[in-house]
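All residue numbers in this chain count up from 1 along the given sequence. Side-chain atoms are counted along with the backbone in the values below, which use heavy atoms only and exclude waters and symmetry mates.
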Amino acid sequence: MKISTKNRKIGYTYGSVSGVYSFRKEKTIQYESLLEKDFIHLMNFNDRVLDITEQPFTIEYEVEKGKTNTYTPDFLVEFKQPSYLNPQKSIKPLLVEVKPSQKILKNWIKLKPKFKQAIKLCKEKEYQFKIFNENRIRSQELKNIVFLDRYKNYDTNHDMVEQIIEHLRLIGNTTIEYLIVHLFTTDLQKGYAIAHIWFLVNSKIITCDLTKKLTNSTVIWLNENKDIGIEI
C-alpha cells in the first residue's frame with residue numbers, strides 16, 4: 001500500500017453539483033455533490049470537529065502482480081481532544097466516504113476492495129472509517145441545523161437574552177414553552193422570545209437534543225462548555 005497526498009482538483013461531475021463551502025470563515029472546502037455539501041454542513045455545526053480536509057490522500061494498492069488500483073477518500077475529519085479541565089472521550093480522526101446508498105449498492109463489487117484498503121489504513125493510523133449515505137447525513141439533526149441557520153444573524157435584544165440565560169441558570173433545564181410562559185405575557189413578547197432562543201441555540205449558548213424535531217416542547221439548557229460572552 002502506498003499513500004500520496006491529494007493532487008487532483010475537484011471540478012464539475014456529471015449528475016452532481018460541485019462547489020466550495022466556507023468552513024467557520026477559516027477556510028474553504030471543496031465538494032463534488034450536494035450530499036457532500038450537507039455532510040460538511042453537519043460537521044461544521046459540531047463543536048467537537050476541529051478540521052475537515054477534502055480528498056486528503058490517495059491510497060495506491062496492488063490488485064494483482066504488476067497491476068495497481070487507487071482509492072481517494074472524500075474527507076478526513078479531525079476532532080478536538082479533551083483537556084484536563086473538560087474531560088471527554090477522545091475521538092479518533094474519521095476517514096469518510098460520502099455516497100448515495102443506490103450508488104454503493106450498484107458499484108459494491110468495485111467499491112468493496114477500495115473500502116477494505118481504507119479500513120486497513122485506518123487500523124495502521126488509528127483512524128476510523130465510515131461510509132455516510134443520504135440517510136445518515138440528511139437526518140433530523142441536519143434539518144434542525146438548516147432551520148437554525150436563519151437565526152444566525154438575528155438582531156437580538158440584550159435584556160431579553162440576559163433574562164432567558166439567567167432563568168435557565170436558575171432552573172437548569174426546561175421546555176421552551178414553559179420558559180416563555182413564565183417569563184413573558186403578550187403573544188408578541190413570546191414570539192420574539194422564541195426567535196431569541198433559536199438564536200441562542202444556533203450560537204451554542206443554549207443546547208438541546210438536535211436529533212429530535214425542534215418544537216415548543218423541546219427541552220433546553222445552558223451549554224456549560226460555552227463561554228457566554230457573546231456580542232448582542
Tyr71 ring center near Tyr61 ring center (under 6.0 Å): no
Arg48 side chain to Lys80 backbone, donor-acceptor under 3.5 Å: yes
Least distance between heavy atoms, Leu210 atom then Leu214 atom: CD2-CD2, 4.1 Å
Tyr154-Ile206 co-clustered via ILVMFWY side chain contacts under 4.5 Å: yes
Expected output: side-chain Gln117 to main-chain Lys114 donor-acceptor under 3.5 Å: no
Minimum side-chain heavy-atom gap Val20-Ile29 below 4.5 Å: no
Any Pro93 side-chain heavy atom under 4.5 Å of Leu76 side chain: yes
Check against side chain to side chain contact (heavy atoms under 4.5 Å, CB included), Glu134 and Ser101: CA-CA 7 Å; Glu134 67 279 10; Ser101 51; 2.6 Å; yes
From Lys204 atom NZ to Leu148 atom CG, the distance as rounded to the nearest 0.5 Å: 9.5 Å
Exercise: identify the closest heavy-atom pair between Ile131 and Arg136: O-NH1, 3.1 Å
Same apolar cluster (I L V M F W Y, side chains within < 4.5 Å links), Ile145/Ile205: yes
Main-chain N/O of Pro56 paired to Thr53 side chain as donor or acceptor, under 3.5 Å: no
SG-CG distance between Cys208 and Asn144, expressed to the nearest 0.5 angstrom: 7.0 Å
Gap separating the CG atom of Leu183 from the CG atom of Leu168, nearest 0.5 angstrom: 8.5 Å
From Leu142 atom CG to Thr211 atom OG1, the distance as rounded to the nearest 0.5 Å: 13.0 Å
Close side-chain approach of Val77 to Gln128, heavy-atom, < 4.5 Å: no
Phe45 and Asn202: CA distance, side-chain angles, deciding distance, side chain to side chain contact (heavy atoms under 4.5 Å, CB included) verdict: CA-CA 9 Å; Phe45 196 83; Asn202 184 71; 3.7 Å; yes
Under 3.5 Å donor-acceptor, Asn107 side chain and Lys103 backbone: yes
Single-linkage hydrophobic cluster, 4.5 Å side-chain cutoff, Val49 and Ile91 together: yes
Minimum side-chain heavy-atom gap Lys99-Leu111 below 4.5 Å: yes
Taking every non-hydrogen atom, the tightest pair across Glu36 and Tyr31: OE1-CA, 3.4 Å
Worked verdict on Lys125 versus Leu121 for side chain to side chain contact (heavy atoms under 4.5 Å, CB included): CA-CA 6 Å; Lys125 286 186 169 285; Leu121 175 70; 3.8 Å; yes
Ring centers of Phe132, Phe39 separated by less than 6.0 Å: yes
Asp155 atom CG: more than 12 heavy-atom contacts under 6.0 Å: no
Linked, directly or transitively: Val146 and Val201 (ILVMFWY side chains, under 4.5 Å): yes
Co-membership, hydrophobic cluster, residues Ile119 and Trp108, 4.5 Å side-chain: yes
Intermediate values then yes/no, side chain to side chain contact (heavy atoms under 4.5 Å, CB included), Thr28 and Tyr21: CA-CA 5 Å; Thr28 56; Tyr21 184 100; over 6 Å; no
Aromatic ring proximity Phe147/Trp198, centre distance under 6.0 Å: yes
Validation row: Asp74, Glu54 side chains within 4.5 angstrom (heavy atoms): no
From CD (Glu141) to NE2 (His41), nearest 0.5 Å: 11.0 Å
Backbone of Glu162 reached by a side-chain donor or acceptor of Glu166 within 3.5 Å: no
Asp51/Lys27 under salt bridge (charged side-chain N to carboxylate O under 4.0 Å, His left out): CA gap, chis, key distance, verdict: CA-CA 10 Å; Asp51 195 16; Lys27 61 184 282 189; 3.0 Å; yes
CD1 on Ile59 to NZ on Lys120, rounded to 0.5 Å: 10.5 Å
Student check: side-chain heavy atoms of Glu97 and Phe129 closer than 4.5 Å: yes
Taking every non-hydrogen atom, the tightest pair across Ala193 and Phe184: CB-CE1, 3.4 Å
Distance flag, aromatic centroids of His196 and Tyr192, threshold under 6.0 Å: yes
Under 3.5 Å donor-acceptor, His167 side chain and Gln163 backbone: no
Close side-chain approach of Glu78 to Leu94, heavy-atom, < 4.5 Å: no
Phe75 vs Gln55 side-chain heavy atoms within contact, under 4.5 Å: no
Check: Thr58/Thr72 side-chain N/O donor and acceptor closer than 3.5 Å: yes
Leu170 atom CG, over 12 foreign heavy atoms within 6.0 Å: yes
Working for salt bridge (charged side-chain N to carboxylate O under 4.0 Å, His left out), residues Glu26 and Arg24: CA-CA 5 Å; Glu26 295 172 2; Arg24 298 174 184 170; 6.0 Å; no
Glu124, CD: over 12 other non-hydrogen atoms inside 6.0 angstrom: yes
